[in-house]
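Input: a single structure, listed below in structure tokens.
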Amino acid sequence: MNEGAILVLSGPSGAGKSTIIQKASKHIGSFYFSISTTTRAPRVGEQHGKEYFFVSKETFKKDIEKGHFLEYAKVHDNYYGTSLKPVNTALQEGKLVIFDIDVQGHTLVRQKLDDITTSAFITPPTLKELEKRLRSRSTDNDKIIEERIENAKKEILMIKEYDFIIINDDLEKAVNEFISIANAARLKRSMEDKKDFLKNWLA
Ligand code: ADP
Ligand code: 5GP
């Protein structure tokens, strides 16, 4: 059996998702990190094709019409979407595919690919700590930070939909928890795979 698997990571902007993925990346075997497409402007230091594919609203809308997205959502007034093609290729290669997507995206992925999906919600221990981190990251202005805080209050209500919660207080502990979850996600098998196994086992 060499079937791919999906790990969805969600959590408020500033929760530490990028930091955790980056620190864990050497310890979770081969994986494909899905690079999303977005209409938001790049932050200082962000590169097209690395953190995101940065496109105009017109291009994004055309991609929606062409059916290019596995899922997409409007978050803080910008569109964000996951392209279908590279995800399908990585899954066919048996890879673990990691998504950093919002709670709406998680619901859509669950609707389409539930039986190969594992999910984790990452959050700082408190709302106050989240605000502190967004301010110390210094990548967004006050208005954007306030929008992100308001959005976080709504997003946190969706934690019950997730398999795991990572409370990112001690970073090293959070990274280790993420590594365990990624390894478990890789072992998840689809219903089809279980049926095939059973057929062969009984033959
Ligand atoms: P996200 O990808 O979820 O938006 P980032 O990974 O950019 O979040 O992290 C937001 C900020 O918080 C960054 O400046 C990062 O260095 C910092 N950070 C991440 N984890 C911790 C932690 N456990 N304790 C303190 N600061 C943290
Ligand atoms: P940021 O602007 O901080 O990079 O991301 C804002 C939010 O958009 C985060 O919650 C992030 O997980 C989410 N996001 C990033 N890419 C996608 C995507 O392709 N689809 C969806 N639904 N959400 C995304």
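All values below come from the heavy atoms of this structure, side chains included, with hydrogens, waters and symmetry mates left out. Whatever order the structure lists ligands and atoms in, that order sets their numbers, starting from 1.
- The H76 neighbourhood of ligand 2 comprises atoms 6 (C), with distances under 4.0 Å to a heavy atom of that residue.
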F53 vs I35, side chain to side chain contact (heavy atoms under 4.5 Å, CB included): CA-CA, chis, key distance, verdict: CA-CA 7 Å; F53 295 106; I35 301 168; 3.7 Å; yes

F60 and F69: CA distance, side-chain angles, deciding distance, ring pair (Phe, Tyr, Trp, His ring centres under 6.0 Å) verdict: CA-CA 10 Å; F60 197 98; F69 294 119; 4.6 Å; yes

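- When hydrogens are left out, the protein atom nearest atom 20 (N) of ligand 1 is N168 ND2, 3.0 Å; that is the closest non-hydrogen contact.
- Atom numbering of ligand 2 starts at 1 in the shown order; those under 4.0 Å from a heavy atom of A73 are 22 (N).
- Around atom 17 (C) of ligand 1, the closest heavy atom drawn from K132, E129, R133, R43 belongs to R133.
- What sits closest to atom 2 (O) of ligand 1 on the protein, heavy atoms only, is S18 OG, 2.5 Å.
- N168 and G16 get closest at one heavy-atom pair: ND2-CA, 3.7 Å.
- Protein heavy atom in closest approach to atom 7 (C) of ligand 2: V75 CG1, 3.9 Å.
- The closest approach between a heavy atom of G81 and any atom of ligand 2 is below 4.0 Å.
- Using a 4.0 Å cut-off between a side-chain N of Lys or Arg and a carboxylate O of Asp or Glu, K50 and E46 do not qualify as a salt bridge.
- For ligand 2, the atoms lying closer than 4.0 Å to a non-hydrogen atom of G105 are 22 (N).
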Audit row: I98, F178, side chain to side chain contact (heavy atoms under 4.5 Å, CB included) steps and yes/no: CA-CA 12 Å; I98 301 180; F178 175 76; 4.1 Å; yes

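- At the shortest separation from atom 8 (O) of ligand 1 among protein heavy atoms lies G16 N, 3.0 Å.
- Within the 4.5 Å cutoff, the side chain of Y72 has no heavy atoms near those of the T38 side chain.
- With D63 contributing its side chain and H68 its backbone, the two residues share no donor-acceptor pair below 3.5 Å.
- Looking only at protein heavy atoms, the nearest one to atom 13 (C) of ligand 2 is D102 N, 3.7 Å.
- Some N or O of R40 is nearer than 3.5 Å to an N or O of ligand 2, by distance alone.
- Not a single donor-acceptor pair under 3.5 Å links the side chain of D169 to the backbone N or O of P125.
- Proximity of P12 to ligand 1 is established by a heavy-atom distance of less than 4.0 Å.
- Neither the backbone nor the side chain of R137 has a heavy atom within less than 4.0 Å of ligand 2.
- Cluster membership check: I101 shares its hydrophobic cluster with I116, using side-chain heavy-atom separations under 4.5 Å among Ile, Leu, Val, Met, Phe, Trp and Tyr.
- Polar contact check, K17 against ligand 1: a nitrogen or oxygen pair lies under 3.5 Å apart.
- With hydrogens left out, the protein atom closest to atom 10 (C) of ligand 1 is G14 O, 3.5 Å, a heavy atom.
- Among all protein heavy atoms, the one lying closest to atom 5 (O) of ligand 2 is Y52 OH, 3.4 Å.
- For atom 19 (C) of ligand 1, the nearest non-hydrogen atom from the set T19, I21, L9 belongs to T19.
- The protein heavy atom nearest to atom 20 (N) of ligand 2 is E71 OE2, 2.8 Å.
- In this structure, S136 has no heavy atom closer than 4.0 Å to ligand 1.
- The existence of a salt bridge linking E58 and K61 is excluded, since no basic side-chain nitrogen approaches an acidic carboxylate oxygen closer than 4.0 Å.
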Derivation and outcome, side chain to side chain contact (heavy atoms under 4.5 Å, CB included), residues V55 and Y79: CA-CA 10 Å; V55 300; Y79 287 98; over 6 Å; no

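- For Y80 and Y52, the ring centers sit closer than 6.0 Å to each other.
- Taking a cutoff of 4.0 Å between a charged side-chain nitrogen and a carboxylate oxygen, D163 and R110 qualify as a salt bridge.
- With hydrogens left out, the protein atom closest to atom 19 (O) of ligand 2 is S36 OG, 2.7 Å, a heavy atom.
- Look at E150 and K154 and you find no salt bridge, because none of the NZ, NE, NH1 or NH2 atoms lies under 4.0 Å from a carboxylate O.
- Formation of a donor-acceptor pair under 3.5 Å by the Q22 side chain with backbone atoms of S18 is not found in this model.
- A donor-acceptor pair under 3.5 Å is formed between the side chain of K17 and the backbone N or O of P12.
- Residue G11 places no heavy atom under 4.0 Å from ligand 1.
- Annotation for ligand 1: atoms under 4.0 Å from non-hydrogen atoms of L171 are 20 (N), 23 (N).
- K26 contributes no side-chain N or O that, together with a main-chain N or O of K23, makes up a donor-acceptor pair within less than 3.5 Å.
- Residue R148 has at least one nitrogen or oxygen atom sitting less than 3.5 Å from a nitrogen or oxygen atom of ligand 2, judged on distance alone.
- Using a 4.0 Å cut-off to heavy atoms of G11, the atoms of ligand 2 that qualify are 10 (O).
- Considering backbone and side-chain N/O of K17, none are found under 3.5 Å from N/O of ligand 2.
- Between the choices R137, E51, R148, the shortest heavy-atom distance to atom 14 (O) of ligand 1 belongs to R137.
- When all heavy atoms are compared, the tightest approach of K194 to R189 is CE-O, 3.4 Å.
- Protein heavy atom at the shortest distance from atom 6 (C) of ligand 2 is Y80 OH, 3.6 Å.
- Ligand 2 lies out of reach of E51, whose nearest heavy atom is not under 4.0 Å from it.
- Considering only non-hydrogen protein atoms, atom 11 (C) of ligand 2 sits nearest to D100 OD1, 3.6 Å.
- Atoms of ligand 2 lying under 4.0 Å from any heavy atom of S13, numbered from 1 in the order shown and given with element: 3 (O).
- Heavy-atom distances between D169 and ligand 1 reach below 4.0 Å in at least one pair.
- Residue Q104 has no N or O atom closer than 3.5 Å to an N or O atom of ligand 2.
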